[in-house]
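For reference, the structure is listed below as structure tokens.
Quick caveat, the model's predicted, so the values are computed rather than measured.
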Amino acid sequence: MLQSSPQADRSGKSAGDVMTSPGPQVGDDMIVDLALSVLIGARADHLLVRDEDGRCTGLITRSQMAAHHQGAWYTEETRLRDIVYDRGPFTSPVMSVHDAERAMRQRALRASPVIGEDGHALGVVVLPR
């Protein structure tokens, strides 16, 4: 069950208990400029990136796409799969919230996809502000 607030009491809970909706998801073959437009249009902080089978391959933020856009290597045809973004490891729905948050802080992430055994995104754990 998805909770509406990542700010709820998290002690003793699993990532599956506190995850929020996965939000917008895009294919890894999407062009970076189009993905940035999707992110802005959805007013989201991040996009989940999927492979051709719908399995989550990572999470990308506006700042990661903007950094690519400003780089000397930028082209209008660059695909998401060709740039740097967080590609895991991901959070398991049975992982404790404490362990998930510690792993996110160690990797300087604000959010982490919660992935089921089949590799599909179930939700997202977001660090409390």
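- Every residue was checked against the salt bridge (Lys or Arg N to Asp or Glu O under 4.0 Å) condition with Asp118, not counting sequence neighbours, and none meets it.
- In this structure, Ala103 has no side-chain contact (heavy atoms from CB on, under 4.5 Å) partners at least two apart in sequence or on a different chain.
- Once rounded to the nearest 0.5 Å, the distance linking CG of Asp29 with CG of Asp82 reads 10.5 Å.
- Closest approach of His120 and Gly54 over heavy atoms only: CD2-O, 3.0 Å.
- With sequence neighbours left out, the side chain to side chain donor-acceptor pair (under 3.5 Å) criterion links Thr61 to Ser63, Gln64.
- Applying the salt bridge (Lys or Arg N to Asp or Glu O under 4.0 Å) criterion to Asp99, with sequence neighbours excluded, gives Arg102.
- In this structure the side chain of Leu34 never reaches within 4.5 angstrom of the side chain of Val26, judged on heavy atoms.
- Screening Arg62, Gln25, Met65 for a side-chain contact (heavy atoms from CB on, under 4.5 Å) involving Leu47 leaves a single residue, Met65.
- Residue pairs meeting the side chain to side chain donor-acceptor pair (under 3.5 Å) criterion with at least one member in residues 34-48: none, sequence neighbours excluded.
- Every side-chain contact (heavy atoms from CB on, under 4.5 Å) that Arg107 has, sequence neighbours left out, goes to Asp86, Pro89, Leu109.
- Partners of Arg105 according to the side chain to side chain donor-acceptor pair (under 3.5 Å) rule, which considers only residues two or more places apart in sequence or in another chain, do not exist here.
- In this structure a side-chain-to-backbone donor-acceptor pair under 3.5 Å is present from Thr57 to Val49.
- Counting only residues at least two apart or on different chains, the salt bridge (Lys or Arg N to Asp or Glu O under 4.0 Å) pairs with a member in residues 18-28 are Asp28-Arg81.
- Shortest non-hydrogen contact noted between Glu77 and Ile31 is OE1-CD1, 3.7 Å.
- Listed here is the closest heavy atom pair of Val114 and Ser92: CG1-C, 4.1 Å.
- Ile115 pairs by the side-chain contact (heavy atoms from CB on, under 4.5 Å) definition with Cys56, Phe90, Pro113, Ala121, not counting sequence neighbours.
- A search for salt bridge (Lys or Arg N to Asp or Glu O under 4.0 Å) contacts involving Arg55 returns Asp53, not counting sequence neighbours.
- For the atom pair CE (Met30) and CZ (Arg50), the distance works out to 8.5 Å, reported to the nearest 0.5 Å.
- Residues passing the side-chain contact (heavy atoms from CB on, under 4.5 Å) test with Ser14, sequence neighbours excluded: Asp17.
- Qualifying side chain to side chain donor-acceptor pair (under 3.5 Å) partners for Arg79, counting only residues two or more places apart in sequence or in other chains: none.
- Note on Met95: it does not cluster hydrophobically with Leu122, by side-chain heavy-atom contacts below 4.5 Å among ILVMFWY residues.
- With Arg110 as the partner, the side-chain contact (heavy atoms from CB on, under 4.5 Å) test is satisfied by one option alone out of Val125, Leu59, Val126, Val124: Val126.
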